[in-house]
**Student:** 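Starting off with a structure, shown below.
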Amino acid sequence: MGIVRHRPAWAGAALLAVAALAGCTGGVDTASSPATSTAHDAGSKPGTAQLPDSPVGRQARWVLDELGHDTGPAVDVAAERFAAEFLTEVPADDVRTVFDQLRPLGPWRPVNVDVTGRDAVVGLLDGSGRSWRMVISVDADGDITTLVVQPAPGAEAPAASTWQDLHDQLTALDADVGLLAARVTDAGRCEPISRIDPRSPRPIASIFKLYVLGALATAVADGDVAWSDQLTITDDTRSLPTGELQNEPDGTGVSVAEAAAGMIAVSDNTGADLLALLLGRDAVEAAMADMGHADPQLNTPFLTTRELFSVGWGPGGLRDRWAAADTAGRQQMLAGLPSGALPLSASDVRDPAWPAGVGWFASAADVCAALVSLHEETGTANDQQLRDILSSNRGVNIDSDMWPYVAFKGGSAPGVVTGSWYAERVDGHRFVYVMLAAAAEPSALADHTAFFQLAEDAFDLLAEQ
């Protein structure tokens with residue numbers, strides 16, 4: 001959901017592995033000169049992911065910056081950056097040696113980020129375009145306890161060169177999947193090119209934030225809300241990660257525009273909740289219908305992320321009650337939730353709650369309609385603001401020459417991974433691509449790499465349509 005997955009099994013381990021340091025560089029020209037540009041330089045490239053301004057995000061940025069230098073880190077710098085438990089297994093004077101084996105494969109660029117509390121998985125591309133994965137964890141002091149850089153699982157899998165190849169790879173997942181690749185007509189309709197069960201609703205995780213953004217766009221257009229209006233973070237509004245705003249102290253002010261930008265760029269849950277509370281539940285539910293959702297009742301009452309965490313994983317066994325309740329009963333449950341700090345943490349969010357109906361649900365066709373709706377306000381005051389927000393993160397590496405504009409929203413939760421893209425091809429034709437996957441066992445979808453690789457393949461296929 002861009003919300004949280006179960007706490008990774010690797011969290012807390014002190015390990016630095018660089019694809020076994022040997023034998024994993026096949027096909028890469030290791031004689032190339034060391035990278036000289038830093039990860040900050042790469043940040044201007046289309047398709048580059050934004051690392052969060054959080055302890056684990058800042059350490060991930062430091063690693064990429066170090067890999068962009070000719071040498072380093074120095075022993076004293078490594079000793080400051082890494083936790084004592086890490087350094088007992090990899091001494092500070094050995095850290096530079098490991099970094100030196102990665103440098104010739106650069107420049108390194110982050111293309112997707114999955115953060116759970118103090119843990120992160122960062123998808124990387126090396127200088128040859130090969131996919132890698134950096135797993136990084138920090139302790140309560142912000143020191144690195146885990147750092148693993150290795151080729152991404154599935155990085156060697158052949159690209160899907162036809163829609164049937166893509167279907168075969170997606171349906172090979174141990175999950176219930178939906179897919180829709182569509183051309184957007186001049187009338188604003190999604191005209192299917194390729195599809196897998198596109199009208200069956202499935203959990204969509206953080207794609208729900210498109211409906212919050214749609215409700216916000218309506219409120220701004222009607223003059224009820226301004227992008228510059230201020231929102232305030234308190235214990236009553238603070239959610240769990242993903243995002244950054246949950247780390248801000250009580251009383252911190254954030255503009256509507258900033259909350260909306262964070263809600264899409266880094267899937268900020270607190271930002272989404274601040275906006276949903278400002279707009280009101282009824283407004284977001286109305287936006288679902290206005291944006292083409294075939295069955296808004298599936299998400300009525302529409303949950304905030306705080307409510308999702310409380311019902312799905314909080315104390316009191318609310319999940320089972322939610323599954324058995326009708327709409328009125330669910331509304332009553334939400335009204336009875338306590339205010340103040342959430343009585344749970346990210347590590348409590350482990351098993352899938354969606355089978356009990358806890359979450360947000362839509363079909364691939366519903367998501368396609370929502371993305372088109374958000375891009376149909378051409379010429380209005382909202383148009384450029386919305387386009388800037390929606391295109392802040394491409395999600396995967398997509399050719400910017402062929403696709404100068406790409407909007408993305410995806411998400412993950414235990415047993416759920418989703419991705420949706422609206423893109424404008426260089427010749428002006430418009431397309432949407434949506435993939436949804438849900439599994440009752442979280443392990444079935446714990447690795448998102450192969451899933452999102454299919455989106456890159458899909459855009460290669462759409463380039464020929």
**Student:** Strictly distance-based, threshold 3.5 Å: is any side-chain N or O of W354 a donor or acceptor partner for the main-chain N or O of A438?
**Tutor:**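 It does not hold such a pair.
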**Student:** Could you tell me how the ring of W62 sits relative to the ring of F82: parallel (under 30°), tilted (30 to 60°) or perpendicular (over 60°)?
**Tutor:**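 The arrangement is perpendicular - the two ring planes meet at more than 60°.
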**Student:** Aromatic rings F208 and F302: how do their planes relate, parallel, tilted or perpendicular, breaks at 30° and 60°?
**Tutor:**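 F208 vs F302 ring planes: tilted.
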**Student:** Just one of Y405, F408, F431 clears the ring pair (Phe, Tyr, Trp, His ring centres under 6.0 Å) bar with W421, so which one?
**Tutor:**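 Answer to the ring pair (Phe, Tyr, Trp, His ring centres under 6.0 Å) test with W421 among Y405, F408, F431: F408.
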**Student:** Under the rule for side chain to side chain donor-acceptor pair (under 3.5 Å), what residues qualify as partners of D53, not counting sequence neighbours?
**Tutor:**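 Listed in chain order: R58.
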**Student:** Kindly give the heavy-atom pair with the smallest separation between G419 and F451, and that separation in Å.
**Tutor:**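 Distance-wise, the nearest heavy atoms are N-CE2, 4.1 Å.
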**Student:** Report the C-alpha separation of Y422 and R430 in whole Å, then their side-chain angles, then the decisive distance to 0.1 Å, and conclude whether the side-chain hydrogen bond (donor to acceptor under 3.5 Å, both in side chains) test is met.
**Tutor:** CA-CA 7 Å; Y422 167 100; R430 303 183 296 160; 3.2 Å; yes
**Student:** For D197, enumerate each residue passing the salt bridge (Lys or Arg N to Asp or Glu O under 4.0 Å) test, keeping only those at least two apart in sequence or located in another chain.
**Tutor:**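 Checked D197 against salt bridge (Lys or Arg N to Asp or Glu O under 4.0 Å); matches are R202.
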**Student:** Whether E464 and R425 form a salt bridge (side-chain N of Lys/Arg under 4.0 Å from carboxylate O of Asp/Glu) is what I want to check.
**Tutor:**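 So R425 does not pair with E464 through a salt bridge.
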**Student:** Indicate the atoms forming the closest heavy-atom contact of D235 with R306, along with that distance.
**Tutor:**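 For D235 and R306, the tightest heavy-atom pair comes out as O-NH1, 2.9 Å.
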**Student:** Thinking salt bridges, do E456 and R394 make one under a 4.0 Å N-O criterion?
**Tutor:**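 The answer is no: the pair does not qualify as a salt bridge.
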**Student:** So with a 6.0 Å cut-off around CG of D174, is the heavy-atom count from everything else above 12?
**Tutor:**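 No, the 6.0 Å shell around CG holds no more than 12 heavy atoms from other groups.
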**Student:** Do any N or O atoms from the side chain of D229 and from the backbone of A226 form a donor-acceptor pair under 3.5 angstrom?
**Tutor:**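 Answer holds: yes.
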**Student:** Please list, chain by chain and in numerical order, all residues satisfying side chain to side chain donor-acceptor pair (under 3.5 Å) with S310, sequence neighbours excluded.
**Tutor:**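 Result, side chain to side chain donor-acceptor pair (under 3.5 Å) vs S310: none returned.
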**Student:** Hey, does V184 have a side-chain heavy atom less than 4.5 Å from the side chain of E191?
**Tutor:**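 No, every pair of side-chain atoms sits at 4.5 Å or beyond.
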**Student:** Can you find a pair of side-chain heavy atoms, one from Q50 and one from V113, that are under 4.5 Å apart?
**Tutor:**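 Side chain of Q50 against side chain of V113, heavy atoms only: no contact under 4.5 Å found.
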**Student:** Tell me the closest heavy-atom pair linking L445 and A439, and the distance in Å.
**Tutor:**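 So the two residues come closest at CD1-N, 3.9 Å.
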**Student:** State, to 0.1 Å, how close W163 and A181 come at their nearest heavy-atom pair, and which atoms those are.
**Tutor:**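 Scanning both residues completely, I find the closest heavy atoms to be CH2-CB, 3.5 Å.
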**Student:** Hey, what do you get for OH (Y433) to CG (L180), rounding to the nearest 0.5 Å?
**Tutor:**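 Between Y433 OH and L180 CG, I get 9.5 Å after rounding to 0.5 Å.
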